[in-house]
Amino acid sequence: MMLMYFVSPLPQCFLLLMADAKSTLALVELTNAFVFAEAVVIFVAYRFVRKNTGTGILQKASLHDLGYIFGGYAAGLMSDAIFTYLNYITYHQTQTPNNQIIERSLFDHHQLMVGLFIISMVIVTPIVEELVFRGMVFSLFFNSNQAWIKIILSALLFSSGHESNTIFGFLMYAFTGIVLGFVYWKSGKLQNSIALHAVINIVAVLAIFFL
């Protein structure tokens with residue numbers, strides 16, 4: 001688990017290196033490295049979760065799943081507003097360092113890098129992080145009847161994987177992790193926390209471009 005915690009963000013390094021690529025060949029090689037590394041991380045995490053839970057990512061969907069996804073998004077939206085406000089009035093910070101990195105990565109860089117970064121944000125990252133922080137953590141730690149401990153642990157690990165330099169920035173990501181963990185626990189479907197995570201990231205990307 002700890003190995004996956006440190007390894008899962010590494011494919012993003014290939015994207016960031018694209019900013020300094022001097023040739024088309026370098027861009028192609030970094031793209032291939034990024035795709036291969038992400039595929040390996042997803043494969044290893046998926047096999048682990050499948051082995052320990054007996055279920056895959058995709059299960060039969062229902063209308064209740066939409067309630068979990070959009071209810072979770074509403075809860076996350078309210079918590080983000082509260083912690084962003086507290087962060088601003090306490091530390092005069094309007095963005096976390098993590099969001100600043102994302103914003104810089106979406107502007108003034110090669111179009112291929114920006115395109116891959118967006119795909120990573122809205123598709124790959126939700127799958128990887130939910131497999132690792134929800135799927136693996138829930139499978140490895142504590143008994144099945146200790147769900148809230150699993151949710152809190154996964155939320156703390158999730159938040160520590162997102163760069164923040166204030167307590168309210170850390171709590172903002174931690175609460176998002178709690179919401180994602182709650183959705184996974186209550187629905188029993190990893191696809192729901194992945195979908196919720198994807199919605200959160202899609203809105204974040206759109207906000208950067210259009211707000």
Can you name the nearest heavy-atom pair linking N192 to V183, along with the distance?
CB-CG1, 3.8 Å
Is there side-chain contact between R50 and S139, with heavy atoms separated by less than 4.5 Å?
no
Under a single-linkage definition using a 4.5 Å side-chain heavy-atom cutoff for Ile, Leu, Val, Met, Phe, Trp and Tyr, are M18 and I101 assigned to the same hydrophobic cluster?
no
Among pairs that include at least one residue of residues 144-182, which meet ring-ring contact (aromatic ring centres under 6.0 Å, His included), considering only residues two or more places apart or in two chains?
F133-F158, W148-F182, W148-W185, F158-H162, F158-H197, H162-Y173, F182-W185
Non-hydrogen side-chain atoms of F34 and S120 separated by less than 4.5 Å:
yes
Whether the E163 and T96 side chains hold a donor-acceptor pair (N or O, under 3.5 Å, no angle test) is what I'd like checked.
no
Any side-chain donor-acceptor pair under 3.5 Å between E38 and Q12?
yes
Is the number of heavy atoms from other residues, nucleotides or ligands within 6.0 Å of OH (Y85) greater than 12?
no
List for me each residue that meets side chain to side chain donor-acceptor pair (under 3.5 Å) alongside N165, sequence neighbours excluded, and say none if there are none.
Q93
For side chain to side chain contact (heavy atoms under 4.5 Å, CB included), just list the numbers for R104 and Q100, CA-CA rounded to whole Å, side-chain angles, deciding distance to a tenth of an Å, and then say yes or no.
CA-CA 6 Å; R104 287 197 301 269; Q100 291 171 2; 3.9 Å; yes
For the pair L15 and L30, evaluate side chain to side chain contact (heavy atoms under 4.5 Å, CB included) and give the outcome as yes or no after the intermediate values.
CA-CA 7 Å; L15 284 184; L30 288 169; over 6 Å; no
Is any side-chain heavy atom of K186 closer than 4.5 Å to a side-chain heavy atom of Y68?
yes
To check you understand the geometry: which heavy-atom pair defines the closest contact between S164 and P97, and what is its length?
CA-CD, 3.9 Å
Quick one: are Y184 and L196 in side-chain contact, heavy atoms under 4.5 Å?
no
After noting the C-alpha distance and the side-chain angles of T90 and T166, does the key distance pass the side chain to side chain contact (heavy atoms under 4.5 Å, CB included) rule?
CA-CA 9 Å; T90 306; T166 69; over 6 Å; no
Checking N52 side chain against F48 main chain: does a donor-acceptor pair fall under 3.5 Å?
yes
Closest approach of A37 and F14, non-hydrogen atoms and distance?
CB-CE1, 3.9 Å
For a side chain to side chain contact (heavy atoms under 4.5 Å, CB included) check, start with the C-alpha distance between F209 and I118, then their side-chain angles and the critical distance, and finish with the verdict.
CA-CA 11 Å; F209 276 113; I118 292 173; 3.9 Å; yes
Any heavy-atom pair between the side chains of L190 and Y46 that's under 4.5 Å?
no
What closest approach, in Å, do V128 and S8 show between heavy atoms, and which atom pair accounts for it?
CG1-CB, 3.8 Å
Check the side chains of Q191 and Q59 for a donor-acceptor pair under 3.5 angstrom, ignoring hydrogens and angles.
no
Please name the pair of heavy atoms, one in M172 and one in D80, separated by the smallest distance, quoted to 0.1 Å.
CG-OD1, 3.2 Å
Within the 4.5 Å heavy-atom criterion, are Y73 and L77 side-chain neighbours or not?
yes
State, with a plain yes or no, whether a side-chain heavy atom of P126 is found less than 4.5 Å away from one of N201.
yes
Show the nearest heavy-atom pair for residues L131 and A45, with the distance to one decimal.
CB-CB, 3.8 Å
Using modelled atom types and a 3.5 Å cut-off, is there a donor and acceptor pairing between side-chain atoms of T84 and backbone atoms of A81?
no
